[in-house]
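Single-structure report; data block below.
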Amino acid sequence: MDSEEPIEQLPRGIALAWGVAATPQRGPKREMSVERIVDAAIEIADQEGITAVSMSAVAKRLGYTPMSLYRYVSAKDDLLLLMQEEATGLPPEISAEEPAWRARLEELYEAQTEVYRRKSWLLTMPITGSPITPNSSAWLEASLEALDATSLTEDEKMAASLLVTGAARWRGSILAGYQQQGRAKGLNDAEVSEQESRLFDTVITEDGYPFLRRAIDAGVFTSESDPFVFGFERGLDGLADYIELVGRERAGEATDTHEDTEAVGSAGEASGSERVAAEGSEDIPDGDPTVMADKKYRDAQKAVKQAQKVLAEARKRERQTLREAKERAAKRR
């Protein structure tokens with residue numbers, strides 16, 4: 001398979017998000033761009049909701065005809081994908097002092113919740129698969145990076161990362177719903193909660209729902225505590241216990257394997273201890289928890305990741321400048 005073939009096979013919306021889609025050589029006006037189209041669509045969604053977004057509505061806001069937009073964004077589904085990518089943005093940067101995995105996941109959880117609260121229309125968009133666009137992938141990358149030094153397997157790291165994303169989306173959807181109800185009725189968050197509590201109080205009896213009635217009488221619907229944060233924190237408690245447990249188990253397995261290897265080497269050649277150690281190291285897999293926890297190895301991994309990010313950004317700039325060069329060449333002809 002040719003190295004360029006996968007890029008050519010990318011759906012146009014994803015290719016646009018990664019900056020690898022060809023741009024029109026000629027258009028109605030040169031000031032038109034994919035970025036302007038996406039920004040206008042997001043303004044409509046913020047003001048009127050996602051259902052108000054259409055190619056004709058965006059064209060009208062920009063002062064163009066709908067057909068002129070299709071030269072840049074060929075389908076509404078592509079436009080929605082690009083809107084989602086732009087509204088999602090990038091995760092917060094890691095502070096100068098690298099946080100522990102739990103603190104970082106908590107930071108990402110709060111940041112993702114805020115994205116959904118500010119851009120509630122994101123919650124109405126269907127989930128059609130794993131994130132493939134740059135910003136969406138960056139959030140997943142941030143969670144996986146936070147868990148990199150733990151003893152979790154790659155499958156377990158991914159599952160823990162999805163715990164963060166799922167909990168943030170659920171909390172964000174509830175907060176956005178309360179916010180929307182408050183705006184519609186002119187109520188603040190506390191007043192919305194009080195109204196909800198009164199409704200429950202009216203219909204929930206001790207005979208029919210004794211446990212729910214007890215919770216209502218305890219004031220759970222007007223409590224200042226956040227049940228979603230509580231649930232998420234308990235999920236992290238369980239994850240921390242699991243990481244500690246498997247860390248001991250997997251480190252123990254690695255130690256047993258290493259000791260067995262040394263014993264065999266000593267029996268065969270007592271005077272070659274250095275060579276035995278070297279041969280024993282070959283039996284330890286790359287993903288061994290003890291190896292993964294080695295500080296020098298972790299520093300080397302971080303350096304590689306940083307270099308990969310720089311390289312990816314450089315390649316993106318190269319593709320952009322290539323397209324611009326072709327556009328300039330086309331104008332001169």
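This chain uses plain numbering: 1 for the first residue, then up along the sequence.
- Rounded to the nearest 0.5 Å, atoms OG (Ser161) and CG (Leu140) are 5.5 Å apart.
- Minimum heavy-atom separation, Tyr64 to Arg36: OH-NH1, 4.0 Å.
- When the options Glu85, Glu86, Gln84 are evaluated for a side chain to side chain donor-acceptor pair (under 3.5 Å) with Thr133, the one that passes is Glu85.
- Other residues, nucleotides and ligands place more than 12 heavy atoms under 6.0 Å from the CD atom of Glu43.
- Here the shortest heavy-atom pairing between Leu81 and Ile14 reads CD2-N, 3.6 Å.
- Within the 4.5 Å cutoff, no side-chain heavy atoms of Glu206 are placed close to those of Asp217.
- For the pair Leu152/Tyr242, a side-chain contact is recorded, criterion being any heavy-atom separation below 4.5 Å from C-beta on.
- Smallest separation of non-hydrogen atoms from Ala87 and Trp121: CB-CH2, 3.6 Å.
- Transitive grouping of hydrophobic side chains (ILVMFWY, heavy atoms separated by less than 4.5 Å) brings Met67 and Met32 into a common cluster.
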| Can you list the steps and then say if Trp139 with Val115 is a side chain to side chain contact (heavy atoms under 4.5 Å, CB included)? | CA-CA 12 Å; Trp139 286 90; Val115 169; 4.2 Å; yes
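- For Ala146 against Leu105, the heavy-atom pair with the smallest separation is CB-CD2, 4.0 Å.
- Distance check: Arg214 CZ to Leu212 CG gives 11.0 Å after rounding to the nearest 0.5 Å.
- Annotation: the span from Phe228 atom CZ to Leu175 atom CG amounts to 7.0 Å, rounded to 0.5 Å.
- For the atom pair CZ (Arg169) and OG1 (Thr165), the distance works out to 10.0 Å, reported to the nearest 0.5 Å.
- By the rule that hydrophobic residues join a cluster once side-chain heavy atoms approach within less than 4.5 Å of another member, Leu239 and Val229 end up as members of one cluster.
- Within 6.0 Å of the CE atom in Met125, the count of heavy atoms belonging to other residues, nucleotides or ligands exceeds 12.
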| Which is it for Glu156 and Leu147 under the side chain to side chain contact (heavy atoms under 4.5 Å, CB included) test, yes or no, and what are the steps along the way? | CA-CA 10 Å; Glu156 291 166 345; Leu147 296 163; over 6 Å; no
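- For the pair Glu93 and Glu107, the tightest heavy-atom approach, listed with the atom from each and the gap, is O-OE2, 4.2 Å.
- Rounding to the nearest 0.5 Å gives a distance of 8.0 Å between CD1 of Ile44 and CE of Met83.
- Using a 4.5 Å heavy-atom threshold, the side chains of Asp46 and Arg118 count as separate.
- In this structure the side chain of Lys185 reaches within 4.5 angstrom of the side chain of Gln195, judged on heavy atoms.
- Of the charged side-chain nitrogens involved, at least one lies within less than 4.0 Å of a carboxylate oxygen, so that Asp237 and Arg102 count as a salt-bridged pair.
- In terms of heavy-atom proximity, Pro92 sits nearest to Leu108 at CD-CD2, 4.1 Å.
- Using a 4.5 Å heavy-atom cutoff, the side chains of Asn188 and Glu191 are in contact.
- At least one donor-acceptor pair under 3.5 Å links the side chain of Trp18 to the backbone N or O of Ile132.
- Residues Leu236 and Trp101 have side chains in contact (heavy-atom distance under 4.5 Å, counting atoms from C-beta outward).
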| said: Let's go through Asp148 and Lys157 carefully: what are the C-alpha distance in whole Å and the side-chain angles of both, what is the deciding distance for side chain to side chain contact (heavy atoms under 4.5 Å, CB included) to 0.1 Å, and is it a yes or a no? | reply: CA-CA 8 Å; Asp148 184 57; Lys157 291 174 189 174; 4.0 Å; yes
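- Hydrophobic clustering, with ILVMFWY side chains joined whenever heavy atoms are under 4.5 angstrom apart, keeps Phe211 apart from Ile216.
- At least one donor-acceptor pair under 3.5 Å links the side chain of Arg213 to the backbone N or O of Ile204.
- Ionic pairing of Arg117 and Glu110 is not present here: no N-O contact between side-chain nitrogen and carboxylate oxygen is shorter than 4.0 angstrom.
- Taking the six-membered ring for Trp and thresholds of 30 and 60 degrees, Phe232 and Tyr109 have nearly parallel ring planes, at less than 30 degrees apart.
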| side chain to side chain contact (heavy atoms under 4.5 Å, CB included) evaluation trace for Thr124 with Thr51 | CA-CA 9 Å; Thr124 66; Thr51 56; over 6 Å; no
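- Linking ILVMFWY side-chain heavy atoms closer than 4.5 Å, directly or via other members, places Ile174 and Phe200 in two distinct hydrophobic clusters.
- Tyr116 and Ile127 are members of different hydrophobic clusters when ILVMFWY side chains are connected at heavy-atom separations under 4.5 Å.
- Looking at Ser193, its side chain never comes within 3.5 Å of a backbone N or O of Thr222 through a donor-acceptor pair.
- Note that the CZ atom of Arg61 and the OG atom of Ser56 stand 12.5 Å from one another [nearest 0.5 Å].
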